[in-house]
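The structure appears below as structure tokens.
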Amino acid sequence: MRIDANTDVCIGAGQCVLTDPTVFDQHDDGIVMLITKHPEGEAAHRAREAVELCPSGALSVIEEPGDS
Amino acid sequence: MPETASITTTGTASTATTGAASGKVTDAEFPVARGCPFSTPAEYEQIREHSPIAKVRLTTGREAWWIAGHELGRAVLADRRFSSDRRRDNFPFVSTDPETRKQLQDQPTSMLGMDGAEHAQTRRALMGEFTVRRMAGLRPRIQQIVDQHIDEMLSSEQRSADLVEALSLPVPSLVICELLGVPYADHDFFQGLTGPLLRHTTPPEARGRIQEELNTYLGTLIDRKLTDPTDDLLGRQIAKQHAAGTFDRTSLVSMAFLLLVAGHETTANMISLGVVGLLQHPDQLAMIKNDPEKTPPAVEELLRYFTIADTVTARVATEDVQLGDTTINAGDGVVISGLAADHDPTVFTDPDRIDLERGARHHVAFGFGPHQCIGQTLARMELQIVFDTLFRRIPTLRLAAPLDDIPFKSDAFVYGAEKLPVAW
Ligand code: HEM
Ligand code: SF4
């Protein structure tokens, strides 16, 4: 899986960072920054949760060939 | 579930109705007051059992759509066809007091009431002040504020207090002072105004005067920070605007005022209700006393369970919108009931039970969509620190009155307790 972040719509609520700070961070202006686009294992699970929680629709999961 | 023929529902084609012509509503006026903190109005469930949306009569006498389902609620809050602009004609205000409604309507538009690009621009200018990292930096100071107030409680001979006055109100008030950069010397003055501003019993005219006085104070504070820059939220906003040649005193005052109002009573009420919720569930409280790691999920559950800002999430449709079988007409008011959404049994198993280990964070206690609370990370942290510290330092804390005797703000915009007698 790959995580995609649309920085144009992010509203900086920080839900993603609270969910997994090893995948998501915020720039100083509050906008989301991906630490990794390819989280694995537990982090992948939490990243999916962050996508669900994100209030602005900025985050999406893209399934990739070879994903198990 | 009893037949509720008087509710206009739209779950089935035969009852589907559209627009303002669909007059029939439940006898109940919305929002329906909560009987006590541990009950959600039965009418919310009645609506949800038929359909997540129904036309209802508001306590103001107007009609509006009431959304009681979690999925639909989140969808509408994320839908740009619904406006937050409180100046729009049919905005579903829930306050029955015309003076209060007028005050809300006449306030200079803050980000809360903006839409689309204007909202995004205003919010983005402030967002950096509320990052998870910046909020974490405030933790030591908030801990200190909480400890000082608990010291004061413990120094009282009576071993009893009104928690609202002793802790719930002053802590978030001081945190906002620190955040905005209100000088220490002005804290008493500031609290002297914000207290009555938020107190439910203050008459609307007096509230209007206080609001003016606060705006004057905030304006003067901004002028001072313009000539004598400070490294705090207001100072940084001023410096940024000044450097960009966009200094706008009026909008800065309105922003500061919004932060003050949005972040004060909400957090205060969650402190009081959270304490009640925890004290009423001693086995679960013991769990978080033994393991502070359990506090963050406990805070989420308390936020969900009480969803104090039930009706803050209100909108007006800017065009005709089809929601399932229901047509919302342009100009219709819509209340996305946070409390109803957060007690939707299809999303939260056994929703009327407090389960501090539930670990569900997809509640809408902070709203959803572009307006989701900008102060949520701060609020979470304040609540975590307060609950951890209070029960660690005063392990024998108990309610000093039967639940029935505690004055809950049943008709208030934001649910909470007027007073909370505690003893130890
Ligand atoms: C437990 C405490 C809190 C609760 C339950 C709460 C609840 C909410 C809700 C439901 C909204 C969304 C309103 C809408 O969609 O129209 C909101 C927005 C907002 N909140 Fe909070 N809030 C809390 C604490 C705070 C704090 C501490 C601050 C700031 C210091 C704050 C500042 C704001 C602001 C500025 C907005 C408007 C955001 C926007 O329009 O983009 N809130 N809050
Ligand atoms: S949760 Fe969504 S809106 Fe919030 S900071 Fe992360 S990406 Fe942005």
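Scope of the values below: all heavy atoms of this structure, side chains included, with no hydrogens, waters or symmetry mates. To find a chain, count down the sequence lines: A is the first, B the second, and so on, and within it residues start at 1.
- Across every non-hydrogen atom of A:V17 and B:V132, the tightest pair is CB-CG2, 3.8 Å.
- Summarising the local packing, CD of B:Q322 is surrounded by more than 12 heavy atoms from other residues, nucleotides or ligands at distances under 6.0 Å.
- With chain B as partner, the option from A:G30, A:P55, A:C10 having the largest number of non-hydrogen pairs under 4.5 angstrom is A:P55.
- Contact check for B:R124 versus A:D29: no side-chain heavy atoms found under the 4.5 Å cut-off.
- B:M111 CE to A:I11 CD1: the interatomic distance, rounded to the nearest 0.5 Å, is 10.5 Å.
- The greatest number of non-hydrogen atom pairs below 4.5 Å with chain B, out of A:D28, A:V9, A:L18, is found for A:L18.
- Only the side chain of B:R74 comes within contact range of chain A, judged by heavy atoms closer than 4.5 Å.
- Residue contact with chain A, scored on non-hydrogen atoms closer than 4.5 Å, involves the backbone and the side chain of B:Q372 alike.
- Between chain A and the options B:T131, B:V364, B:I374, heavy-atom pairs under 4.5 Å are most frequent for B:T131.
- Heavy atoms of other residues, nucleotides or ligands lying less than 6.0 angstrom from CD of B:E71 number 12 at most.
- To the nearest 0.5 Å, atom SG of residue A:C54 and atom CZ of residue B:F368 are 7.0 Å apart.
- Around NE2 of A:H45, the count of heavy atoms belonging to other residues, nucleotides or ligands within 6.0 Å does not exceed 12.
- Between the side chains of B:R133 and A:Q26, no donor N or O sits under 3.5 Å from an acceptor N or O.
- Within 6.0 Å of NE2 in A:H27 there are more than 12 heavy atoms belonging to other residues, nucleotides or ligands.
- Residue B:R123 touches chain A through its side chain alone, counting heavy-atom pairs closer than 4.5 Å.
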